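These numbers come from a predicted model, not from an experiment.
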Amino acid sequence: MAKTPTVPFTGTVTGSPETRFTDSIPVTRFRLTTVPSEWDTQTRQWRHAAPIHYICTAWRDLARNAAESLIDGVEVIVHGRITGARDSYILVSADEIGVSLRARIAYTTASLPPQAAQVHTPHVSTPAPPPPAVQHAASAPQPPPGPGQPPRWWEQKRAEGWSRRA
């Protein structure tokens, strides 16, 4: 069976990406609009042609990354396969998506210092536990701290003002 050829194109993300799960596989869809320029021979000037609208679909890791990275108005470069047409949209299965650097600067986790490169992944993270209550010396004994909570000595030192006693 012949493989469908891939086509690169650029455009502006229109609206927010939408992510769904198919058999636990993430699928992200987003709309893209590009406005080609064409030469008008009568006026001898470039003018905007009719906009072309795409609905792009990304799968698996590309879907996760697209959902985290794409917002309305971002210029992107998509490399993908045209899978059909519906109404006034061209349907595309995206193989690669990149942010256009023509109008903005993009930072990757590899180009940032380690402290700033910590990836924010809300689809994986769990809510932070509430801070533990400060224990006072006169209070009743507390049960051992649970997972993710500091040990008792930490709270004791904190309550004492971190003073060093000999």
So which heavy atom on [X] is nearest to which on [Y], and how close?
| X | Y | result |
| --- | --- | --- |
| Ala50 | Pro36 | O-CD, 3.5 Å |
| Arg81 | Pro5 | CG-O, 3.7 Å |
| Val13 | Gly15 | CG1-O, 3.5 Å |
| Ser100 | Arg104 | O-CG, 3.7 Å |
| Asp40 | Gln42 | OD1-N, 3.1 Å |
| Ala63 | Ala58 | CB-O, 3.3 Å |

Rounded distance (nearest 0.5 Å) linking atom [atom1] of [X] with atom [atom2] of [Y]:
| X | Y | atom1 | atom2 | answer |
| --- | --- | --- | --- | --- |
| Leu91 | Cys56 | CG | SG | 9.0 Å |
| Ser16 | Asp72 | OG | CG | 6.5 Å |
| Thr22 | Arg60 | OG1 | CZ | 10.0 Å |

Discussion item. Using a 3.5 Å distance criterion without hydrogens, assess whether the side chain of Thr34 forms a donor-acceptor pair with backbone atoms of Thr10.
Written reply: yes
Discussion item. One pair to check against side chain to side chain contact (heavy atoms under 4.5 Å, CB included): Ile90 and Ile52. What are the steps and the verdict?
Written reply: CA-CA 8 Å; Ile90 298 171; Ile52 302 170; 3.9 Å; yes
Worksheet, complete the sentence: Between His79 and the options Val7, Val92, Thr6, the side-chain contact (heavy atoms from CB on, under 4.5 Å) test singles out Thr6
Worksheet entry | Steps toward side chain to side chain contact (heavy atoms under 4.5 Å, CB included) verdict (Val76, Leu32) | CA-CA 9 Å; Val76 295; Leu32 197 71; 3.3 Å; yes
Worksheet item: Do Tyr89 and Tyr54 have ring centroids that are under 6.0 Å from one another?
Response: no
Worksheet item: Do Thr57 and Ser93 meet the criterion of a side-chain donor-acceptor pair at a distance under 3.5 Å?
Response: no
Worksheet entry | Pair Thr33, Thr14: side-chain N/O donor-acceptor within cut-off below 3.5 Å | yes
Discussion item. Using the rule given for side chain to side chain contact (heavy atoms under 4.5 Å, CB included), can you reason through Trp59 versus Ile25, listing the C-alpha separation, both sets of side-chain angles and the distance that settles it, and then say yes or no?
Written reply: CA-CA 7 Å; Trp59 296 80; Ile25 297 172; 4.1 Å; yes
Worksheet item: Below 4.5 Å, heavy atoms only, C-beta onward: do Ile55 and Arg29 meet side chain to side chain?
Response: yes
Discussion item. Would you say Val99 ends up clustered with Phe9 if hydrophobic residues are merged whenever their side chains have heavy atoms under 4.5 Å apart, either directly or through other cluster members?
Written reply: yes
Worksheet item: Can Leu62 be reached from Val74 by stepping across I, L, V, M, F, W or Y side chains whose heavy atoms are under 4.5 Å apart?
Response: yes
Item to complete: Using a strict 4.0 Å threshold on nitrogen-to-oxygen distance, state whether Glu38 and Arg47 make a salt bridge.
Response: yes
Fill in: side chain to side chain contact (heavy atoms under 4.5 Å, CB included) evaluation trace for Glu18 with Thr28
CA-CA 5 Å; Glu18 175 185 295; Thr28 299; over 6 Å; no
